[in-house]
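Notes to accompany the following structure.
Note that ligands are numbered from 1 as they come in the structure, with each ligand's atoms numbered from 1 the same way.
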Amino acid sequence: MAVQISPSILSADFARLADEAEAVSGVADWLHVDVMDNHFVPNLTIGLPVVESLLKHAGLPIDCHLMIEDPDRWAVGYAEAGAGNVTIHAEAVKAPVRTLRAIRAAGARAGLAVNPGTAVEPYADLLSEVDMLLLMTVEPGFGGQRFLDMVLPKLRRARALVAAGGGSVWLQVDGGVSEETIERCAEAGADVFVAGSAVYSAGEPAAAVQALRAQAERATAHAGWAR
Ligand code: DX5
Ligand code: ZN
């Protein structure tokens, strides 16, 4: 099970996005882009036009995390634009099967995200429609928040659900992932790690990605779920 690191540009300099993407392009697996609409979450970031520009300039596949209302309407546009992954929130989507299938049909991987207080078990039957499950480890909306340890038992249960279904669904964690918390996430079952402030508030973003990856790989090697 390969560890993947997805730096979040939410903590980058928005006036220098291409440079900030470039800073991690040789070492990261994805570039995580947080789309927020000031309705689903109390913050406003960027939308499709900026993602389209990033797609031209970022040397990494784009991992779009849509924290928006009505993903049924908007998600497919990000996949059609060329995002490698498009994640929608379980709390916002009204027709998940249709929308996840539309994302896949447009050529992207389909992700389903759940907030810290949302259980994963009700979504077990949807896992065949999903390429990645995102477990938020903070309440979505802002970078730099404190990691919520209460999500770790759910992460273990999610890993068991994924294993029961054959194990092909990636398990992503997002929020407060840092050198202090990434090992706990890997031990509990995560294999894709989003890190915003731990990468872009560090002096050397590329070195931060490499350090996080090394830690996650060490912890995964000792994790019971990965054997
Ligand atoms: C928060 C976003 C995250 C955010 C994480 O709602 O989904 O991707 O950038 O930032 P850190 O890693 O600083 O918690
Ligand atoms: Zn995110």
Side-chain angles (χ1 to χ4, degrees), residues 3-14 17 20-21 23-24 28-47 50-51 54 58 60-69 71 74-75 78 83-93 108-118 131-152 155 170-186 190-203 205-206 208-209 211-213 215-216:
V3 163
Q4 299 184 70
I5 309 289
S6 187
S8 166
I9 56 157
L10 187 61
S11 296
D13 180 347
F14 270 36
L17 283 181
E20 298 279 63
V24 295
D29 301 280
W30 295 87
L31 192 68
H32 184 86
V33 177
D34 291 299
V35 175
M36 304 187 188
D37 68 352
N38 191 35
H39 290 276
F40 180 68
V41 287
N43 196 4
L44 183 67
T45 56
I46 57 172
V50 177
V51 170
L54 270 173
L60 282 169
I62 303 281
D63 170 24
C64 275
H65 176 193
L66 303 184
M67 285 159 277
I68 60 173
E69 286 185 354
W74 301 110
Y78 291 83
N85 178 83
V86 179
T87 295
I88 56 173
H89 264 266
E91 300 85 359
V93 67
R109 295 176 63 89
L112 184 71
V114 293
N115 285 340
T118 302
D131 298 301
M132 184 170 77
L133 197 56
L134 164 52
L135 270 55
M136 291 303 301
T137 41
V138 298
E139 292 289 2
F142 300 93
Q145 299 183 75
R146 199 180 166 82
F147 180 83
L148 293 172
D149 277 282
M150 61 156 295
V151 179
L152 292 173
L155 188 50
W170 296 348
L171 263 185
Q172 186 177 61
V173 281
D174 181 7
V177 176
S178 67
E179 290 190 30
E180 198 217 316
T181 58
I182 195 166
E183 290 176 9
R184 276 176 263 167
C185 296
D191 53 5
V192 188
F193 303 85
V194 177
S197 45
V199 169
Y200 283 110
S201 302
V209 169
L212 289 168
R213 186 191 300 282
Q215 275 188 292

Exercise. How many protein N, O or S atoms sit closer than 2.8 Å to the Zn ion (ligand 2)?
Worked result: 4

For this session: Would you confirm whether Ser8, through its side chain, and Ala195, through its main-chain N or O, come within 3.5 Å as a donor-acceptor pair?
Result: no

Indicate every side-chain donor-acceptor pair of residues 38-46 with a distance under 3.5 Å to a residue at least two apart or in another chain.
from  : atom 1 : to     : atom 2 : distance (Å)
Asn43 : ND2    : Gly141 : O      : 2.8
Thr45 : OG1    : Asp34  : O      : 2.7
Thr45 : OG1    : Met36  : N      : 2.9

Exercise. Do side-chain atoms of Glu20 reach the backbone of Asp13 as a donor and acceptor pair under 3.5 angstrom?
Worked result: yes

Problem set entry | Gln145 side chain vs Gly175 backbone, donor-acceptor pair below 3.5 Å | no

For this session: Please check if the side chain of Asp131 supplies one atom and the backbone of Ala110 the other of a donor-acceptor pair under 3.5 Å.
Result: yes

For this session: Not counting sequence neighbours, which residues clear side-chain contact (heavy atoms from CB on, under 4.5 Å) with Ala190? List them please.
Result: Leu155, Val173, Cys185, Phe193

Exercise. For Glu91, does the CD atom sit with more than 12 other heavy atoms under 6.0 Å from it, leaving out its own atoms?
Worked result: yes

Seminar exercise, completed: Contact set, ligand 1, heavy-atom distance under 4.0 Å, ordered by chain/number, equals Ser8, Leu10, His32, Asp34, Met36, His65, Met67, Met136, Pro140, Gly141, Phe142, Gly143, Gly144, Asp174, Gly175, Gly176, Val194, Ala195, Gly196, Ser197

Problem set entry | From CA spacing to verdict: side chain to side chain contact (heavy atoms under 4.5 Å, CB included), Leu134, Val114 | CA-CA 6 Å; Leu134 164 52; Val114 293; over 6 Å; no

Exercise. Would you say Ser11's side chain and Ser197's backbone share a donor-acceptor pair under 3.5 angstrom?
Worked result: yes

